[in-house]
Amino acid sequence: MTLSQEGDSSRILSTITLALFEDSGWYKVNYGAKAGVLVWGRDKGCTFVTEKCLKPQDYQSVSQFPDHFCSISGEGFCSIDRLHRGICSISQYQSQLEDFFQYWKTKPQMGGTDQYADYCP
């Protein structure tokens with residue numbers, strides 16, 4: 001979920017991240033000692049990364065993964081790891097977002113706050 005997290009934020013180096021480091025040729029990685037469990041997106045299937053995070057509807061957007069993506073700005077929830085409190089962050093931009101990043105049919109300028117997460121809220 002593209003969220004704003006309250007409190008201490010711990011970072012995980014997943015096996016995917018460590019593999020990227022090793023493939024760069026700059027690092028030799030000890031996967032057993034350093035890899036953490038990445039729970040975000042775990043066991044969600046291919047559609048988690050191949051489909052839009054929210055499916056545009058007429059008046060609201062709906063996610064196949066409501067435990068990962070939100071659609072109501074300011075809504076509070078628990079983080080995926082259940083260790084932090086989060087809040088749904090949705091912004092209204094000056095101009096409309098590109099078609100692929102539009103999640104509200106009637107509000108094409110609304111989206112999450114992180115462009116690197118495809119503006120997913």
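Distance check, rounded to the nearest 0.5 Å: NZ of Lys107 to CG of Leu97 gives 13.5 Å. Distance check: Cys120 SG to Asp114 CG gives 9.5 Å after rounding to the nearest 0.5 Å. The CD1 atom of Ile72 lies 12.0 Å from the CD1 atom of Ile87; values are rounded to the nearest 0.5 Å. Here the straight-line distance linking atom CZ of Phe21 with atom NZ of Lys28 works out to 15.5 Å at 0.5 Å rounding.
In this structure the side chain of Tyr27 never reaches within 4.5 angstrom of the side chain of Leu18, judged on heavy atoms. Pro108 has its side chain out of reach of Tyr93: every pair of non-hydrogen atoms, C-beta onward, lies at least 4.5 Å apart. Using a 4.5 Å heavy-atom threshold, the side chains of Ser71 and Val62 count as separate.
At a threshold of 4.5 Å between side-chain heavy atoms, the hydrophobic network of Ile, Leu, Val, Met, Phe, Trp and Tyr places Phe101 and Val49 in one connected group. The hydrophobic cluster containing Val29 does not contain Ile16, counting ILVMFWY residues as joined when their side-chain heavy atoms lie under 4.5 angstrom apart, directly or transitively.
Side-chain contact of Thr17 with Ser14: a donor-acceptor pair under 3.5 Å is present, judged by distance alone.
Qualifying side chain to side chain contact (heavy atoms under 4.5 Å, CB included) partners for Ser73, counting only residues two or more places apart in sequence or in other chains: Ile90. Residues meeting the side chain to side chain donor-acceptor pair (under 3.5 Å) test with Lys44, sequence neighbours left out: Asp67. Scanning for ring-ring contact (aromatic ring centres under 6.0 Å, His included) contacts around Phe48 gives Trp40, Phe65, His68, Phe69, with sequence neighbours left out. Under the rule for a side chain to side chain contact (heavy atoms under 4.5 Å, CB included), the partners of Gln92 that lie at least two apart in sequence or sit in another chain are Gln109, Met110. The side chain to side chain contact (heavy atoms under 4.5 Å, CB included) check on Phe100 picks up Lys52, Asp118, with sequence neighbours excluded. Residues meeting the side chain to side chain donor-acceptor pair (under 3.5 Å) test with Tyr31, sequence neighbours left out: Glu22.
The heavy-atom pair separating Ser89 from Cys70 by the smallest distance is N-SG, 4.5 Å. Of all heavy-atom pairs between Ser63 and Cys53, the closest is OG-O, 3.0 Å.
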